[in-house]
Structure formats: C-alpha cells, structure tokens
Amino acid sequence: MQIDTLILGAGAAGMMCAIQTGERTLVIDHAKAAGEKIRISGGGRCNFTNLDIQPENYLGQNPHFHKSALSRYTQWDFIELVGQHGIAWHEKTLGQLFCDNSAKDIIAMLLDEMAKAGASLWLQTSLEDLSHADGMFTAVLESGGKRKTVQARNLVVATGGKSIPKMGATGLAYDIARQFGQTVTETRPALVPFTFPEGRFKALAGVAQPCRMYAQGPSFDEALLFTHRGLSGPAALQCSSYWTEGQPIHINLLPTAAFAEHLKTVRTQIGKRNLTTELANFMPQRLVDFLKGEMDLSGNLGDLSDARIDALEQAFTGWELFPGGTEGYRTAEVTLGGVSTDGLSSKTMAAKDLPNLYFIGEAVDVTGWLGGYNFQWAWSSGWAAGQDIRAKA
Ligand SMILES: Cc1cc2nc3c(=O)[nH]c(=O)nc-3n(C[C@H](O)[C@H](O)[C@H](O)COP(=O)(O)OP(=O)(O)OC[C@H]3O[C@@H](n4cnc5c(N)ncnc54)[C@H](O)[C@@H]3O)c2cc1C
C-alpha cells in the first residue's frame, strides 16, 4: 500500500496533523480508541488550551524552539475550531479553558475533521518494522494478527511520551528518533505528585491550602493538596517539572496575608485568643493541628513578642521540604525531555537531515505548564508539521 503520509499515534498531535494532511494520510494507533489522553484530561472536561500562552510557560533545552509553531497556530485558532463545532467551554481559572460538557466532544471534533479531510485511521495497529530507502519509509504494521506493509513519503511520529504506560504510552518516538540519528534528551516524569517517606502527611490527606510554591524554577500561586503519599494539587505538580532529586521545595502557606502585621494588630485587641485559634482563620484546622507537631504554636496572642511573631511568619512562608521522589510515570501528566529540538526545524518539526521525518507533540523536548499548555503544543506542532507536508504535496 502506498500513501503520502503515515502518522504514528492518534493522540492530540497526530490527529491535528492528519486534519492538515488529509487524503492519502493513514494514522495508526495501538490503542482501541483515538485520543485516550484527551478523554481523561482535565477531569473528563479537557483543559484544551489557555487564554494566555507565553513561551515562558514551556520547558525544554531550547527556550525558543516552540515559539514559531505556537505563534502560527495559536490558542485563538483552536478556540475558533471548537466554536465551529458548537462546543461550549468556560474559563475555570488562570486562563484555563475547559469543555462545559465532556472531553469526548474534542475527540469527536478531531475525528470529524479528520474524516472530512479524508484521512484514514487504523486502531489496534502496531508498528513491527520501519526502514527508509530511496526517499520512502516502509512500515510493517500488525493488526488483528495480520501484517501489512505500507510505503509513505512522509512519516510523522506522534506517539507521545512515557507518562501513564497503563494508557498505552511507550518510548517508540525515542526509538525511532535514535534509529534515524536524532538525539534524545534525558526524560523524566513531570506534572507529577511528590512522595515523602511513609506517613509524613497521612494525617493531612485531603487537605488543600492556597500557597506560593517553588522548586528550582519559577514560583506558582496555586492550591497545594496533601495526600497519603505526599504532596499534589496544581502547585506541587507545576513545581515537580522544575524539581531535581535531592533538592528542596519551598512553600509559602500564607502568600496573600500580611500575617506578622495582622498578629501584631490583633495581639492588642484580643490578647487572650490562642495562637492556634487565630491561625485557623488562615488555614484548615487539620493543617494547624499538623503544624502544632512541627513547631511551637503554644500560647496566647498577648504573649507573643515581635521577634516570635516574625519567626512564625518566617516558618509559615518559608517552609522547606525535601521530597523523597515523585509518583513517576505511573501518574505523571507529561514527560519532560524527549526528541532533541537541536535536530528539528522549529518551523516544520521535520528532522533537519531527513526532512520527510517529523516529530510532534509530547514526544519532542517541549513541555508545558499545567493549564492547557501541553494540548496547545500538541495542536500547534501537529498543525506546523501538517502544513509543511501539505505545502510540499
Ligand atoms: C491524566 C492526564 C491529564 C491531562 N490533562 C491535560 C489537560 O487538561 N490539558 C493539557 O494541556 N494537557 C493535559 N495532559 C497532557 C496531555 O494529555 C498531553 O500533553 C497530550 O496528550 C500529548 O499529545 P500527543 O498527541 O503528543 O501524545 P498522546 O496524546 O499521548 O498520544 C500518543 C498516541 O500514540 C499512541 N502510541 C503510543 N505508543 C505507540 C506505539 N508503540 N504504537 C502505536 N501507537 C502508540 C498512544 O496510544 C496515543 O494514542 C494530561 C495528561 C494526563 C496523563
């Protein structure tokens, strides 16, 4: 079978690319359904983009690589597509856009656009062998016990990263990259909860607190969630992308309160109030009880010296913790690192020394923050590759 374009992976990036390349495009995926990660994303409502997409919202060895694709296919382009399909959406927080109804609406939209463009989709199909000669890729595919050989001028690798192997994530993109002489940067789980030695935060499991948090990168003002195993919630997930093993994370539990100033004022008005009672106005009681075991919170407000108040504020705003690790690829939303951008064109996503080979989406060493940034990268990079293939045809 001869086609123009073979796309490996029917996820967000692969489907967006197929919509551009259209006829004589075959998308294969070993999963039973297309867009499985879209389906489970955003708690089933898919945080499909963000109103405020900036280059700074992405990590990768080259901080400029993602700029071109993101500026040519923007969040507004995707919002327009969503609008054309009558999919209602809302902004939840911090510019994050979610479907009103279901993430399945986004999958249906992409499948509909793919069908309209004339692209074919083979599910439950895996790649057995891949080679390249005389300007053509030859792929041996396996489906339902049968083998088929497909020849394609263009090969687009859109098989994502290693996160959530249970959902079909594999390292195929990295293997193909190496096979064709591309470099793969070190990969590790990102947007992933931190773990701590057994029992450290067990008493706090389920407690959430708005905080300002940072690891070895920018700080995030978002919610922190304590779990049986450690720390999760948007603040912890964001920081995990910047965390390196053995290094601390820093938590400000009172990012919006002028706590010391407040205590010094109320000390003269209600001096007989317990410090812990007052603290419960700023955080959940269970967190106050936990902190009582970590530091001295005894006494009434009237007994507190200025120095002790300042020390308390320092303790609450500069809590330093050393995570034991993270939950790993089992629960990570994304994979940090991947196919090195050094060998790829930022305009087309094609390999510089083999311009009919493309890498898009999470497989590439471009990782977004939590908040719709990763899907926007999948749409933009898929679009950029698809446009280049269309232009060449
Ligand atoms: C729980 C969860 C929630 C998330 N929520 C959000 C969110 O709300 N907003 C956001 O922006 N991002 C979110 N993400 C991240 C987002 O899902 C990914 O960044 C995005 O899906 C990457 O798109 P992709 O097309 O590159 O890869 P994927 O979506 O992972 O698609 C890759 C496809 O390739 C297929 N594949 C893999 N290996 C093979 C193989 N060997 N043979 C054949 N097929 C193969 C897979 O089955 C899959 O269909 C979330 C991730 C997770 C895990």
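Read the numbers this way: they start at 1 and go in the same order the structure lists the ligands and their atoms. Quick note: numbers below take in every heavy atom, side chains included, and nothing from hydrogens, waters or symmetry partners.
The backbone N or O of Lys32 lies less than 3.5 Å from no partner atom in the side chain of Gln124, so there is not a single donor-acceptor pair. Distance alone, capped at 3.5 Å, places no donor-acceptor pair between the Tyr58 side chain and the His64 backbone.
Taking every non-hydrogen atom of Gly9 and a distance limit under 4.0 Å, the qualifying atoms of ligand 1 come out as 33 (C), 34 (O). Interface atoms of ligand 1 facing Gly361, defined by a heavy-atom separation under 4.0 Å, are 26 (O). Heavy-atom contacts of Gly42 reach the following atoms of ligand 1: 5 (N), 8 (O) (cutoff under 4.0 Å). Close contacts between ligand 1 and Gly168 involve ligand atoms 37 (C), 38 (N) [criterion: under 4.0 Å to a heavy atom]. Per-residue contacts place Ile164 under 4.0 angstrom from the following atoms of ligand 1 (heavy atoms of the residue considered): 53 (C). If you number the atoms of ligand 1 from 1 as listed, the ones under 4.0 Å from a heavy atom of Glu362 come out as 18 (C), 19 (O), 20 (C), 22 (C), 26 (O). Within ligand 1, the atoms closer than 4.0 Å to a non-hydrogen atom of Val334 are 15 (C), 19 (O), numbered from 1 in the order shown. Against a heavy-atom cut-off of under 4.0 Å, Gly11 is close to the following atoms of ligand 1: 25 (O), 29 (O), 31 (O), 33 (C), 49 (O).
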**Request:** Before giving the answer on salt bridge (charged side-chain N to carboxylate O under 4.0 Å, His left out), spell out for Lys292 and Asp289 the whole-Å C-alpha distance, their side-chain angles and the decisive distance to 0.1 Å.
**Result:** CA-CA 5 Å; Lys292 251 190 326 197; Asp289 293 342; 3.8 Å; yes

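Residue Ala158 places a heavy atom under 4.0 Å from ligand 1. Gly372 counts as a contact of ligand 1, since one of its heavy atoms falls under 4.0 Å from the ligand.
Considering backbone and side-chain atoms together, Thr170 places an N or O closer than 3.5 Å to an N or O of ligand 1. In terms of N/O distances under 3.5 Å, ligand 1 is approached by His30. Distances between N or O atoms of Asp29 and those of ligand 1 include at least one value under 3.5 Å. Residue Ala12 places at least one N or O, backbone or side chain, under 3.5 Å from an N or O of ligand 1. Remark: ligand 1 and Ala13 share an N or O pair separated by less than 3.5 Å (distance only, no angle test).
Only the side chain of Leu172 comes within 4.0 Å of ligand 1, judged by heavy-atom distances. Both the backbone and the side chain of Asn374 come within contact range of ligand 1, each with a heavy atom under 4.0 Å. Residue-level proximity to ligand 1 for Tyr373 is carried by the backbone, the only part with a heavy atom below 4.0 angstrom. Looking at Ser163 against ligand 1, nothing comes within 4.0 Å, counting heavy atoms.
No hydrogens or angles considered: a donor-acceptor pair under 3.5 Å links the side chains of Asp52 and Gln54. Side-chain contact of Gln376 with Thr49: a donor-acceptor pair under 3.5 Å is present, judged by distance alone.
When side chains are defined from C-beta on, Glu278 does not count as touching Asn274, because their heavy atoms never get closer than 4.5 Å. Looking at Thr326 and Thr195, their side chains never come closer than 4.5 Å, going by heavy atoms from C-beta outward. Under the 4.5 Å side-chain criterion, counting only non-hydrogen atoms from C-beta, Trp122 is not in contact with Ser143.
Among all protein heavy atoms, the one lying closest to atom 11 (O) of ligand 1 is Phe375 N, 2.8 Å. Glu333 OE1, 3.9 Å is the protein heavy atom nearest to atom 14 (N) of ligand 1. Ranking protein heavy atoms by distance to atom 27 (O) of ligand 1, first place goes to Gly160 CA, 3.5 Å.
For the atom pair CZ (Phe375) and NZ (Lys37), the distance works out to 9.0 Å, reported to the nearest 0.5 Å. The CD atom of Gln20 lies 5.0 Å from the CD atom of Gln387; values are rounded to the nearest 0.5 Å. Taken from CH2 in Trp89 to CG in Asp100, the straight-line distance is 9.5 Å, to the nearest 0.5 Å. Once rounded to the nearest 0.5 Å, the distance linking OG of Ser381 with CD of Glu362 reads 10.5 Å.
For Ala384 against Ala69, the heavy-atom pair with the smallest separation is CB-CB, 4.1 Å.
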